[in-house]
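Data block below; observations after.
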Amino acid sequence: MRHIQIALTKGRLEKQVVPLLEKIGIDCTELKDKGRKLVFKSHNTNVSFILVKAVDVLTYVEHGVADIGIVGKDVLLENEKELYEMIDLGIGKCKFAVASIPTYDPSSYKKKTIATKYPNVASAYFRQKGEDVEIIKIEGSVEIAPLLGLADAIVDIVETGQTLKENGLIVFEDMHDISARLIANKASLKMKKEEMFAIIDLVEQVVKEGE
Ligand code: PRP
């Protein structure tokens, strides 16, 4: 049996992905008790895992270092890569939204400044609305930007809405629903067809059962 490397993201999604992998029979003991390790073996299968930042999941899968990746649709929408998106896992659900302080006027004709970690998603959204905006790329804690006058509004991920609420921001426009996706390296799907589909088919089954 050929080895399959799965790239996972650190953080929130990781906690929801482990139960899914366990449901398809992959031992995740090392992953659950990881300390500061970044590479893990599964003791009962041909699978191993790497734990990386979300956008790096795409890079590892595109280059075939990882055969499979699990990553949010937000990251896929922001970064175009040569890989296959195989399954909507129905976990890690959240949305992209335009948010700001209550005095923001979305229908104002003044050219808006939008702060975001997702410049491509934000540009595409406003372009499709026929609006010319200035985008400012921020690496995190984007909610601060409209509060301090760096931007008129933000484009960001909203999950529970707690971060917006605690910073006095509200959602003005819902953009896209987001959820985690299983992605695959194109060559691995051909070269390791049997091993790849042994995993992909099982994941698909578990996702269907959970719907
Ligand atoms: C994301 C997003 C919001 C927050 C939304 O940030 O950018 O800040 O989650 O979640 P909520 O609606 O449940 O409050 P993340 O925690 O990924 O990190 P960041 O600080 O790097 O933006």
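What you see is a predicted model, and the numbers here were worked out from it, not measured in a lab.
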Practice item. Any chance you could measure Asp67, atom CG, to Leu83, atom CG, to the nearest 0.5 Å? Key: 12.5 Å
**Study point:** Any donor-acceptor N/O pair, Asn167 side chain to Leu169 backbone, under 3.5 Å
**Key:** no
Review point. Would you find more than 12 non-hydrogen atoms of other residues, nucleotides or ligands less than 6.0 Å from Ile144 atom CD1?
Key: no
**Study point:** Spacing of Glu134 atom CD and Lys112 atom NZ [to the nearest 0.5 Å]
**Key:** 13.5 Å
**Study point:** Donor-acceptor contact present, side-chain Ser100 to main-chain Asp152, <3.5 Å
**Key:** yes
Check your understanding: Same cluster or not: are Ile4 and Leu31 linked, directly or through other Ile, Leu, Val, Met, Phe, Trp or Tyr residues, by side-chain heavy atoms under 4.5 angstrom apart?
Key -> yes
Review point. Would you find a donor on one side and an acceptor on the other, under 3.5 Å apart, between the side chain of Glu173 and the backbone of Val98?
Key: no
Point to revise | Heavy-atom check, side chain of Tyr104 versus side chain of Ile170, under 4.5 Å | key: no
Exercise for review: Compare all side-chain heavy atoms of Thr116 with those of Val121 and state whether any distance is below 4.5 angstrom.
Suggested key: no
Practice item. Give, for atom CD1 of Ile26 and atom CD1 of Ile199, the distance between the pair rounded to the nearest 0.5 Å. Key: 5.0 Å
Revision key, fill the gap. Of all heavy-atom pairs linking Ile183 and Glu85, the shortest is CG2-CA, 4.1 Å
Check your understanding: Just wondering, are more than 12 heavy atoms of other shown residues or ligands nearer than 6.0 Å to NZ in Lys81?
Key -> yes
Review point. How far apart are the closest heavy atoms of Ser188 and Met196, and which atoms are they?
Key: O-CG, 3.4 Å
Review point. Can you find a heavy atom in the side chain of Glu80 that is under 4.5 Å from one in the side chain of Asn120?
Key: no
**Study point:** Check: Ile101 and Leu147 side chains under 4.5 Å, non-hydrogen atoms
**Key:** yes
**Study point:** Lys73 (side chain) donor-acceptor with Asp177 (main chain) under 3.5 angstrom
**Key:** no
Check your understanding: Counting only heavy atoms not in Tyr60, do more than 12 sit closer than 6.0 Å to its OH atom?
Key -> no
Point to revise | Short side-chain to backbone donor-acceptor contact, Glu159 and Cys94, under 3.5 Å | key: no
Practice item. With rounding to the nearest 0.5 Å, note down the distance linking CZ in Phe49 to NZ in Lys37. Key: 12.0 Å
**Study point:** Validation row: Leu76, Leu58 side chains within 4.5 angstrom (heavy atoms)
**Key:** yes
Practice item. Please check if the side chain of Glu78 supplies one atom and the backbone of Val75 the other of a donor-acceptor pair under 3.5 Å. Key: no
Point to revise | 4.5 Å side-chain heavy-atom contact, Leu8 and Glu14 | key: no
Practice item. Evaluate the criterion side-chain contact (heavy atoms from CB on, under 4.5 Å) for residue pair Asp74 and Lys117; output intermediate values, then yes/no. Key: CA-CA 10 Å; Asp74 53 321; Lys117 277 196 287 187; over 6 Å; no
Exercise for review: Please examine the side chains of Val57 and Ile70, heavy atoms only from C-beta on, and report whether any two atoms are closer than 4.5 Å.
Suggested key: no
Practice item. Identify whether the distance between the nearest side-chain nitrogen and carboxylate oxygen of Arg181 and Asp88 falls below 4.0 Å. Key: yes
Review point. Do the side chains of Val155 and Ile178 join up, straight or via other hydrophobic residues, at under 4.5 Å, putting them in one cluster?
Key: yes
Study note, to complete from the structure: Closest non-hydrogen atoms of Leu21 and Cys28, given as atom of the first, atom of the second and distance, are CB-SG, 3.7 Å
Check your understanding: Looking only at heavy atoms, what is the nearest atom pair of Ile114 and Ile154, with distance?
Key -> CG2-C, 4.1 Å
Revision key, fill the gap. Between the CD1 atom in Ile157 and the NE2 atom in His176, the distance rounded to the nearest 0.5 Å is 11.5 Å
Exercise for review: Answer yes or no: is there a side-chain heavy-atom contact under 4.5 Å between Ile200 and Ile87?
Suggested key: yes
Check your understanding: Are more than 12 heavy atoms from other residues, nucleotides or ligands located less than 6.0 Å from atom NZ of Lys208?
Key -> no
Exercise for review: Determine, using the 4.5 Å side-chain heavy-atom cutoff (strictly less than), whether Tyr84 and Val203 are members of one ILVMFWY cluster.
Suggested key: yes
Practice item. Give a yes or no on whether Lys186 atom NZ has more than 12 heavy-atom contacts from other residues, nucleotides or ligands under 6.0 Å away. Key: yes
Check your understanding: Would the number of heavy atoms belonging to other residues, nucleotides or ligands and lying under 6.0 Å from NZ of Lys129 be above 12?
Key -> yes
Point to revise | No-hydrogen, no-angle side-chain donor-acceptor test under 3.5 Å, Asp105 and Ser108 | key: no
Review point. Looking only at heavy atoms, which two atoms of Met175 and Ala97 are closest? And how far apart?
Key: SD-C, 3.7 Å
Check your understanding: Can Leu13 be reached from Val47 by stepping across I, L, V, M, F, W or Y side chains whose heavy atoms are under 4.5 Å apart?
Key -> yes
Practice item. Please round to the nearest 0.5 Å and tell me the distance separating atom CG of Leu89 and atom CG of Leu182. Key: 5.5 Å
Review point. So, the side chain of Glu62 versus the backbone of Glu82: is there a donor-acceptor pair under 3.5 Å, distance only?
Key: yes
Point to revise | Side-chain donor or acceptor of Glu195 paired with backbone N/O of Arg2 under 3.5 Å | key: yes
Check your understanding: Judged by atom type as modelled, is there a donor-acceptor pair below 3.5 Å linking the side chain of Glu30 to the main-chain atoms of Phe40?
Key -> no
Check your understanding: Is it true that Val71 and Val61 fall in one hydrophobic cluster, defined by side-chain heavy atoms closer than 4.5 Å?
Key -> yes
Check your understanding: Where is the tightest heavy-atom contact between Ser48 and Gln5, given as atom of each residue plus distance?
Key -> OG-OE1, 2.8 Å
